[in-house]
Amino acid sequence: MNWKKQDYDDIPGTYVFDGQRAHPAYAINKLLYTFNDQACRDEFDAEPAAYCDKLGVTGDYKKAVLEQDFLGLLRMGANIYFLAKMCVPRGVSVQDAGAAFQGITTEEFQQNLLDKGNGLEAILAKRGDYWNG
Amino acid sequence: MNWKKQDYDDIPGTYVFDGQRAHPAYAINKLLYTFNDQACRDEFDAEPAAYCDKLGVTGDYKKAVLEQDFLGLLRMGANIYFLAKMCVPRGVSVQDAGAAFQGITTEEFQQNLLDKGNGLEAILAKRGDYWNG
Amino acid sequence: MAKIIGGITSSHIPAVGNAISQGITQEPYWKRFFDGYGPAKEWLAEAKPDLVIVVYNDHGLNFFLDKVPTFALGCADIYENADEGWGLKPVPSFTGDVKLSWHLAESLIEQEFDICMCQEMKVDHGFVNPIRALFGDQEPWPVKAIPLAVNTVQHPVPSAARCLKLGKALGKALESYPEDTRVVILGTGGMSHQLQGERAGIIDVEFDLECMDKIATDPEWMTQFSNADIIRRAGSEGIETIMWLVMRGALKDDAKVIHKHYHAPISNTGAGVLVLDNQ
Amino acid sequence: MAKIIGGITSSHIPAVGNAISQGITQEPYWKRFFDGYGPAKEWLAEAKPDLVIVVYNDHGLNFFLDKVPTFALGCADIYENADEGWGLKPVPSFTGDVKLSWHLAESLIEQEFDICMCQEMKVDHGFVNPIRALFGDQEPWPVKAIPLAVNTVQHPVPSAARCLKLGKALGKALESYPEDTRVVILGTGGMSHQLQGERAGIIDVEFDLECMDKIATDPEWMTQFSNADIIRRAGSEGIETIMWLVMRGALKDDAKVIHKHYHAPISNTGAGVLVLDNQ
Ligand SMILES: [Fe+3]
Ligand SMILES: [Fe+3]
């Protein structure tokens, strides 16, 4: 059978981390979770492929880990919070990953964020009871 | 402040495993929980005192572990299910522990249990709709 | 559509598994206890469930005191039994049904049951022994299985009333599952017993029988009792019987009583087998 | 008697902790964000809480996917911060209050909230950063703290309505605690943001401000939304804002709004500081 339809499936560009996404990605997320521990990070760094084998990370997941294909990992169900434990120490921020998802540069991604704050103080002034510092 | 009174406090001879009991006994129960793992059992067997130190089991708890004073451990908050992981492999059953709690022999404890079944089939026959084999 | 074809209760004490392993189920001490499973086995052979949901408590295999969930649902492909500290050889692993598990998780959380979702979960004697007693040792097991663990170890534990409500929510969750799956719910543990303290060894046959009768036909009766009330009558470990209410709540009010068997003592407990047909 | 003297909301993003560690809170990018905490700090200095209950979500430090509790309550003497994988130096540990924790566990389970009880619990940036922003880095910390973790990571996550109800139950639980303790509840996380997918980077200022206004004065308004509705407007990680409702539910309906501050963007999010006086 298919996984059941969800009321969030039609939200564009959004992959809600539910059972359907988490299930096939359990092993990769478990590998990423071990990175909380310095000893595990060291063991991975020494022999990445062997570490994948030990943690049961195989096939496309293993390939993406070895290639540091963070975007591929996200698409295959790596949770963004677990993935951050691998990509942030390697100089790839969550903003870099978000930009890559859209095929834009990180600078463009950051500028888009900054644009969200345009006119903010005017909006708050209109609402009236916000502290504006 | 004191721990709050509970509605089960006045049940005689009964130590409900609540926060008040579990809290001071966290380390001993954690040590006992590790016995699910053969490697931990081996490590404990090789050097019990060092294992207690490693798991943060100190004072009266450590003394009781080293003396295999299972009754003392129960009184100090070891949970019966966790304690079974230490005492059962050492030939001390849960019934032995129950008997010791009452200061009777295991045979007496077992006979008391058997007595609970006296007249059972008559009781069931009176109720009527039980299968009696 | 998933269909709850029935519910069964069973003891889950370690000694049951040991007796099966040692092949002594027909020895005098055990015979009457195991014979009581006969009609349950016959009913299962006829009813042919695809899957059992096992309502049980973990006794310190999968859960330690660092994280004690009130209700925990397995959401894995496979559930492994494992060494509980006594060096026993684990039984073969159990096959789950992840899509059904996640459906249940979604429905239960929507119905405001704050479950813990477990994508990896070892199952202990509380889960394994009822299946062994009802199906015999087989490899592979003849049914799929999903664990639903209830905290009955670290107080505060949920009330009888909450367990019955969980059962009702579980029933609704199953009813809304689109796949054809024949489900039996196992309510395990109990009945009256106490392992610790000067009161260790109590069994209350009258209370057990009252509970069996009422759980079969009038489960709301059980919700009049606080956990302290139940512990007072049935012992500190007798509180496990509240898990039967999860099974019962998932069934129709008028589910048909197919079989009732009670035996005491077995090991330290009173033991009841109820078979309720929900078809 | 325990007294809930107020509630505060705060972002908990990692970048906030980094900015504090690097001493750049008065640099142009950060100044307006951190200045928004000024009146909250003043209120805290006056209100002098003994303890904060921090409602937050774990991001993969204490909980992995093997056990995802919907609601998890700390029941420990000490809560340690720890390396989340980035090699950062943990902040000093936090002192809990186990008797209050167990009282809350008992009361919440009696009120039919199926919490997970955690006698050992590491606390991540979601817990730590609101305390750092509100109290500044101190050793020892000037208040005791109890973590209350809400699952907002592994769907299904609890609804806004369930979070508000948990807050109400938490309020009742605190009211019935006999010791004199002055408690502030911190609702953390949010506001609108999305870290993953082609829609990463969204912020919805209008929705955030509507949420702030309504959570302050009419929190039931938020319960009209399904989680899908909230994700649609506020992003997949914006769902964190439901945790504010736990704080709000614990307070009186007419708690007084002392301070409202909103800033966007900061890192990837909209960030709101609400101070509600419950006295
Ligand atoms: Fe049991
Ligand atoms: Fe967060």
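First the proteins, then the strands, lettered A, B, ... as listed; each starts at 1. These numbers were taken from a predicted model, which means no experiment stands behind them.
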Proximal component of [X], with respect to chain C [non-hydrogen, under 4.5 Å]:
X        : value
B/Gln110 : neither
B/Asn79  : side chain
B/Arg21  : neither
B/Ala84  : both
B/Leu120 : side chain
B/Phe17  : both
B/Ile123 : side chain

Counting heavy-atom pairs under 4.5 Å with chain C, which one of [options] comes out on top?
options                           : answer
B/Val94, B/Thr34, B/Asp115        : B/Val94
B/Tyr130, B/Tyr15, B/Phe35        : B/Tyr130
B/Leu124, B/Ile80, B/Leu113       : B/Leu113
B/Asp10, B/Asp9, B/Thr14, B/Leu83 : B/Thr14
B/Asn36, B/Asp18, B/Val88         : B/Asn36

Region of [X] in contact with chain B, defined by heavy-atom distances below 4.5 Å:
X        : value
C/Phe63  : backbone
C/Asp204 : neither
C/Ile202 : backbone
C/Val153 : both
C/Pro14  : neither
C/Asn227 : neither

Under a 3.5 Å threshold, yes or no: a donor from one side chain and an acceptor from the other, between [X] and [Y]?
X        : Y        : answer
C/Asn151 : C/Thr70  : no
C/Ser21  : C/Asn18  : no
C/His12  : C/Asn129 : no
B/Gln6   : C/His155 : no
C/Tyr37  : C/Ser10  : yes

Checklist line | Criterion salt bridge (charged side-chain N to carboxylate O under 4.0 Å, His left out) on C/Asp66 and B/Lys30, from CA distance to verdict | finding: CA-CA 9 Å; C/Asp66 61 328; B/Lys30 192 169 183 182; over 6 Å; no
Name the option with the most non-hydrogen atom pairs under 4.5 Å to chain B; the candidates are [options].
options                               : value
C/Ile231, C/Ile239, C/Asp213          : C/Asp213
C/His193, C/His263, C/Met212          : C/Met212
C/Ala264, C/Gly60, C/Ala228, C/Ser267 : C/Gly60
C/Gly235, C/Pro265, C/Ser226          : C/Pro265

Next item on the list: For salt bridge (charged side-chain N to carboxylate O under 4.0 Å, His left out), just list the numbers for C/Glu206 and B/Arg127, CA-CA rounded to whole Å, side-chain angles, deciding distance to a tenth of an Å, and then say yes or no.
Entry: CA-CA 11 Å; C/Glu206 286 299 338; B/Arg127 285 199 174 242; 3.3 Å; yes
Check: Is the number of heavy atoms from other residues, nucleotides or ligands under 6.0 Å of C/Asp253 CG greater than 12?
Finding: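 Result for CG/C/Asp253: open.
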Note to self: I'd like to know whether NZ of C/Lys256 has more than 12 heavy-atom contacts from other residues, nucleotides or ligands below 6.0 angstrom.
What the structure shows: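 12 or below, so no.
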Next item on the list: Take the angle between the ring planes of C/His259 and C/His261 and call it parallel below 30°, perpendicular above 60°, tilted in between.
Entry: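 The arrangement is parallel - the two ring planes meet at less than 30°.
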Next item on the list: Test salt bridge (charged side-chain N to carboxylate O under 4.0 Å, His left out) on C/Arg232 and B/Asp7 and set out the steps.
Entry: CA-CA 10 Å; C/Arg232 199 178 298 272; B/Asp7 55 356; over 6 Å; no
Next item on the list: Under the salt bridge (charged side-chain N to carboxylate O under 4.0 Å, His left out) rule, what do C/Lys122 and C/Glu84 come out as? Steps first, then yes or no, please.
Entry: CA-CA 10 Å; C/Lys122 287 181 194 160; C/Glu84 294 184 47; over 6 Å; no
Next item on the list: Please report the C-alpha distance between B/Asn29 and B/Tyr81 in whole Å, then the side-chain angles of each, then the deciding distance to 0.1 Å, and finally whether the side-chain hydrogen bond (donor to acceptor under 3.5 Å, both in side chains) criterion is met.
Entry: CA-CA 9 Å; B/Asn29 282 314; B/Tyr81 297 124; over 6 Å; no
